[in-house]
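Okay, structure first, notes after.
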Amino acid sequence: MATQEEIDAARRQIERLRDQHANDVIALVRLVDDGALKGEAGDRLAADLRAWDQGFKDMFTRALSLLDSLRPSDHRGAAPR
């Protein structure tokens with residue numbers, strides 16, 4: 001079973017990746033919205049980026065929820081690793 005320190009380290013990593021992803025996708029959406037790619041192709045790309053962003057947000061939320069369920073104290077009877 002994971003130790004609290006391992007769980008905390010995983011949480012920090014997931015949060016770092018979530019924040020980095022958000023900044024990267026926002027930058028891409030701004031480029032497209034500011035006219036880097038015009039017309040129907042730009043509209044489709046912007047919609048795809050927003051859908052991709054939502055999918056990743058959901059994944060990060062699920063990962064953080066899973067970590068919340070991994071409390072070492074909940075597994076007192078488990079054998080040490």
Compare every heavy atom of A46 with every heavy atom of D33, then report the nearest pair and how far apart it is. OD1-CB, 4.1 Å
Give me the ring orientation class for F56 and F60: parallel if the planes are under 30° apart, tilted from 30 to 60°, perpendicular past 60°. tilted
Working to the nearest 0.5 Å, report the span between CG of L28 and CG of N23. 11.0 Å
Tell me whether D53 contacts the main-chain N or O of L49 through its side chain, where contact means a donor paired with an acceptor under 3.5 Å. no
Smallest heavy-atom separation, A2 atom then I7 atom, equals CB-CG1, 3.9 Å
Distance check, rounded to the nearest 0.5 Å: H21 atom NE2 versus I26 atom CD1? 8.5 Å
Euclidean distance, T61 OG1 relative to M59 CE, rounded to 0.5 Å: 9.5 Å
Should the pair R12-D8 be classified as a salt bridge under the 4.0 Å nitrogen-to-oxygen rule? no
Closest approach of E6 and T3, non-hydrogen atoms and distance? OE1-N, 2.8 Å
Which pair of non-hydrogen atoms, one from A63 and one from I14, has the smallest distance, and what is that distance? CB-CD1, 3.8 Å
R16 versus Q20, side-chain donor and acceptor atoms under 3.5 Å: yes
Can you tell me how far apart CG (L67) and CD (Q13) are? Round to the nearest 0.5 Å. 11.5 Å
